[in-house]
Amino acid sequence: MKDFVLRFFKILNKDKFAVISGFILLFWIIIAFLPFMIPSLTNIPLTLNERLANPSSKFLFGVDGNGQSVGLLIMNGASTSLIVSLFTVSMSLFVGIPLGAIAGFFGGRIDIFISRFIDILLAFPPMVLPIAIMAFFGGGLINVVIALSLTGWVSYARVVRGQFLSFKEREFVVAAQSLGASSTRVMFKHIFPNTISPLAVQATFSLAGVIIAEAGLSFLGLGVSQAHVSWGGLLNSARDYLTSNPTLAFFPSLALFSVVASLNFIGETLRLTFDPKSIGAGRM
Amino acid sequence: MLKVLFQRFLQLLIVLWGISTLIFFMQRMIPGSPADSVLGADASEIDKLEWLARYGLDLPVWKQYFYFIINLIRGDLGKSYHDFTPVVEIILPRLWQTIQLASVAFIFSLLLATAFGMLSAAKAGKLTDKTSAIVSLLAISAPSFIIGPILMWIFSVKLELFPLFGNEGASSFVLPAVTLGASLAAFSSRMIRSGIVDVLQEDYIRTAKSKGLSPIQILAKHALRNAFLPTLTILGMQLGVLLSGTVITEQIFNWPGLGSLVVEAVQQREYNIVSGCVIVMATIYVFCNLIVDILYRVFDPRVRFS
Amino acid sequence: MTSRFTTKRIIISIISITAIAFAIYQTQKASNENDSANSKEKKNTLSIALDSKIQSGDPRLIGGDANSQYIENLRFLPLIGFDEHGNIQNILIDEITAVSNKSWIITLKKNIKFNNGSLITAADVVATYNAIMNPEKSFPPSPRKAAFNSVTLFKVNSPHEIQINLKDPDASFLNNLVIGILPKDAILNAAPNKINDKGYESGPFILKKTTATDWLLTRNENYNYSSKPKVENIDFKIISDSGTRYAALIRGDLDLVQNSIDPDKVSLIQKSMTDKFQILSAPKLSTTYLAFNFRDPIFSNLKVRQAVAYAIDRRSLLQFRLQGQGSLAKGMFPPDNYFFDNSLPEIQYDQQRAKNLLKESNIQDPITFAIKVSSSNKSTVEVAKAIAANLKEVGFQPTVEMLENSVFLDQVKKGVAQVWLSPWVGFKDPDHLRFVFASNMVAPLGGNRGAYSNQNLDELLQEGREEINPEKRKIIYDQAQQLLSADLPYVYLWHSLNIAIVGKNIEGYKLYADGRYWSLVNVTKN
């Protein structure tokens, strides 16, 4: 692990983009936490007579069609994105790791069963499953998390399964088994640590993926309910004003883009740290 | 080879069965009945029951499922509830639109990716390569609902170069195809680059070079072909994703494809259309993967048929 | 090693240039082709944007979908229609004689023809109506069946005379005769939705082509109900995104957009683009309201309902959010309606009073609830957000829950929603009040979704349904409306307007109260 940390900082030292990304991400995390610290920030007043005002000293980022400050909306949107992405990724990890480990370690029928199920979920047209789920449960923060986790765990399960498959026949595992270590012990003590690094890379990229997916759902009008602000929802409302007030779409776009890009850059750096030979470009 | 193909085909059937089953039960669980959508919210219960009975929707769910599967095996996807048109007749023209758009986007991204991939491979480690890495990472970070409206605003609203909506001839393809293909292009250019770089370090390339082959010959004869294999896999899968994942782009550009049909149909509780679309999309996706798999084996006999 | 690949740049450049050239070539080719072929056709074609899909073109299958009804109006003549003000108007009917309050004899106009040349007769009318009442086995039940639930008989008395008998008296029944008439031949032979290109149409326009995004109508050359239309083709374009509709209009891709441009854009056009467009506006049969669920102990409390009513700043909402495009509502009927009652009190915005009422209601806990709203109409969602902000200021704790339309209706009808925001649109007869408030009309039987119940009102509304004399009906419905405005089962917000934005080169377009496009018959494009 020490090696990784060292190499990470070595790469960081050369890779200014990752450093900048880190600062951008930190900035957004602070922004996202502000509404939790200061509850009055979640109550965004309507100033109907200033609707659609352009950015000014009073409203730095302009005012939307409802007379609400775009700056405050983006801030609240940041907390929504943060909550949704963190919860979705943890839920996905929570489901994906055990299923992938079981499939990879035990193989046989249970592996076939889990793998086919993964195939089914993967062959589902993207967005259709979340759309159907959102229609079923209705909008809402928890429902978005459920909808996105239901398909999200698949990628982790695949990563973990792959790692378990390749590691279960390595000498040190076989040795541990022949010394009488139980399956659970082998799984957790010997193989699992090796899955952490690819999982970390995967998780970073999928944090970005989830933020995009949540915004996409809200963009289609199916996301978190109106009680929560979503960047996708802001973009959806802003689309109506694209011809008359293009600035309205600009700041939410910038916010979303900067977070996603930072996560992708950091993910890329992590990938280089763990697997210096690979050169990819993020996860699709 | 045949045995493997047969196995693959069997797996494919299982996946399709799973998908149809999933979408079938999911739709029956969603609140709101198609009777409400067709007859209007205020229709009387008696009328609704009669209407549901006409479509067999009053039966117990397991019976409905039984008929659904039987009809599916016979290739019958049912009829639209709103205008009684067979679902196949509704889906086919929409599918054609989506295929057109996805193919254009695919070709666009392939051209772009090859050009940039080769360029960065040639300059591996240099500024060009680094810039292209950063640009592609940025392109991947911009989702279609950001790129789409921006392109639309610049090229359709301000410059009036392209049509605003729908499919009105070749020029309509440009903006949606760019929106759809941008991240794919970025992604595959990196794949091609790393493929070429790997190949260029192989021994046989060095041999070729020492034989005095020109760089272009080396690239064309060996490097590109081998770099293409891993890329092919990704691209094949992506073609499937492209074909089935155009929902948001189609919404933005009012494209009359399958993606917008699905969204519409879910909202109107058109069970038959939704399941029809999902099954068609999934079939395409699964077949794309299968074809890639076969191609991969054809190009690279080293891969064992397992 | 890499330095030896400089030649590759050339390849790359060639590929890129070819790609770009190809793209440009394609665009140019397409635009050239379009220009020469389309310029002539464009002059004779009127492009109109619709905001959602046209569900069906077959009068037997059309249900509540307004866009389908609009197209039906242009293609198939019905017995009755509605004029600009929403008043009933004879179309195929020459004369109606009421035999009793349950029976009518209708004489049809002679000489009016279908596109295939045959005359429209009583047999066609009765065949169409019977097909809707009792469809054949191979046919889906018609969504319009409910309109004829009380009919006992449609009878052909002579080639141009029809008799209709009802089970119970129903003064509003004639409003149901809006269904486009198909030839008897079509009823017998045409499969569902297979009625195009067969000369079955009788209206000013016939259907030429449909695609997923366009419905192209063309002039009916055999049309003889009124003068023939002047424009040759009408292209109804389905554009679901309102921003795109606006951009297309501004670019000149559209000639006419009705009721589907946001208030903000309308006022923008009004301010800066009057040289290119004219804006028509007229009252509309539409009432937006906030409704309460009487099953809920909190909202069955009159004081709470009053507090809500006083807390909403309807005037500012209308002025700013809707840019003044509507009129404040005092009751269900808009001011130009015959049954509008001018003496109804208007509820003034009064925060202090709302707070006091809330205190008097003796409810200690903070009142938390969700205002439910359908996601199908973006501007209603925005209004709901603003109302929630208003209510927060006097001490309620509302959230806005946006639901997909089917789910919204499901919840509202099942009585799950406590408070919801929605419009009633297109009701043509005051009997609508019975449908909405009578205690025997609690959903799913009717439109009384909040389970409101008031015996006095029930009696009045039944009386109104059975009365045929319009003056007497008016007196009855005035009383009913007074009762409702005191009891507040709804907080009425506003009546929106019909708004059409028409290119300056279009002449003769008029708005109809129910939004129909009938005036296209008289429109010319220069």
Side-chain angles (χ1 to χ4, degrees), chain A residues 17 112 115-117 119-129 131-138 205 208 211-213 215-222 232 235-236 238-239 242-243 246 249-250 252-254 256-265 267-268 277-284, chain B residues 11 14-19 22-23 26-27 29-32 133-134 136-138 140-146 149-150 152-153 157 183-184 186-191 193-194 197 234 237-238 240-241 243-245 247-248 251-252 258-259 262-263 266-267 274 277-278 281-283 285-286 289:
Chain A
F17 272 89
I112 292 177
S115 301
R116 278 302 88 72
F117 191 60
D119 283 347
I120 291 172
L121 283 181
L122 276 180
F124 234 95
M127 295 309 278
V128 172
L129 205 56
I131 287 171
I133 294 169
M134 296 312 291
F136 174 43
F137 289 114
F205 285 130
I211 289 174
I212 289 182
L217 276 179
S218 296
F219 185 78
L220 292 174
L222 294 162
L235 284 172
N236 187 20
R239 197 155 63 111
L242 196 63
T243 37
F250 179 73
S253 295
L254 190 68
L256 183 70
F257 178 70
S258 66
V259 170
V260 172
S262 312
L263 281 168
N264 279 340
F265 275 112
E268 192 68 20
K277 260 195 79 182
S278 82
I279 296 145
R283 199 183 65 97
M284 288 296 290
Chain B
Q11 282 177 11
I14 293 174
V15 167
L16 286 183
W17 165 78
I19 283 180
L22 208 62
I23 196 72
M26 207 140 130
Q27 290 196 83
M29 280 172 5
I30 294 177
I134 288 160
S136 56
L137 212 53
L138 288 177
I140 289 168
S141 307
S144 54
F145 49 88
I146 289 184
I150 290 176
M152 196 163 153
W153 185 68
V157 177
S183 58
L184 177 59
F187 185 68
S188 9
S189 80
R190 298 315 288 167
M191 292 302 302
R193 177 219 178 263
S194 56
V197 168
I234 305 277
M237 286 179 176
Q238 288 305 323
V241 171
L243 280 169
S244 58
V247 177
I248 290 179
Q251 289 278 314
I252 295 170
L258 217 49
V262 167
V263 176
V266 170
Q267 280 162 2
V274 175
C277 286
V278 168
M281 285 176 177
T283 312
Y285 180 82
V286 177
N289 285 358

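Chain letters run A, B, ... following the sequence lines, proteins first, then strands; residues in each count from 1. These numbers were taken from a predicted model, which means no experiment stands behind them.
- Note that CG of A:L263 and OG of B:S141 are 8.5 Å apart. Values are rounded to the nearest 0.5 Å.
- Between chain A and the residues B:V262, B:V278, B:V157, the most heavy-atom pairs under 4.5 angstrom are made by B:V278.
- Looking at B:V263, only its side chain comes within 4.5 Å of chain A, counting heavy atoms on both sides.
- Using a 4.5 Å cut-off between heavy atoms, A:A261 contacts chain B through both its backbone and its side chain.
- With rounding to the nearest 0.5 Å, the separation of CZ in A:F265 from CD1 in B:I134 is 5.5 Å.
- Of the atoms belonging to A:A238, not a single heavy atom falls under 4.5 Å from chain B.
- You'll find the side chain of A:L121 reaches within 4.5 Å of the side chain of B:L22, heavy atoms only.
- At a threshold of 4.5 Å between non-hydrogen side-chain atoms, the residues A:V260 and B:P143 do not count as touching.
- For A:I212, the parts lying near chain B are the backbone and the side chain together; criterion is any non-hydrogen pair under 4.5 Å.
- Residues B:I248 and A:G216 come closest through the heavy atom pair CD1-CA, 3.9 Å.
- Contact annotation: the side chain of A:L256 approaches that of B:F145 to within less than 4.5 Å [non-hydrogen atoms, C-beta and beyond].
- With a 4.5 angstrom heavy-atom cutoff, B:L16 does not touch chain A via any of its atoms.
- Summarising the geometry, atom CG belonging to A:D119 is positioned 9.5 Å from atom CD1 belonging to B:I19; distances are rounded to the nearest 0.5 Å.
- Listed here is the closest heavy atom pair of A:R239 and B:Q251: NH1-O, 3.9 Å.
- Taking 4.5 Å as the limit, some side-chain heavy atom of A:F219 sits within range of a side-chain heavy atom of B:I252.
- Taking the side chain as every heavy atom from C-beta outward, B:I140 and A:N264 approach each other to under 4.5 Å.
- Atoms CZ and CD1, from A:F117 and B:I14 in turn, are 14.0 Å apart once rounded to the nearest 0.5 Å.
- Within the 4.5 angstrom heavy-atom criterion, atoms from both the backbone and the side chain of A:L242 approach chain B.
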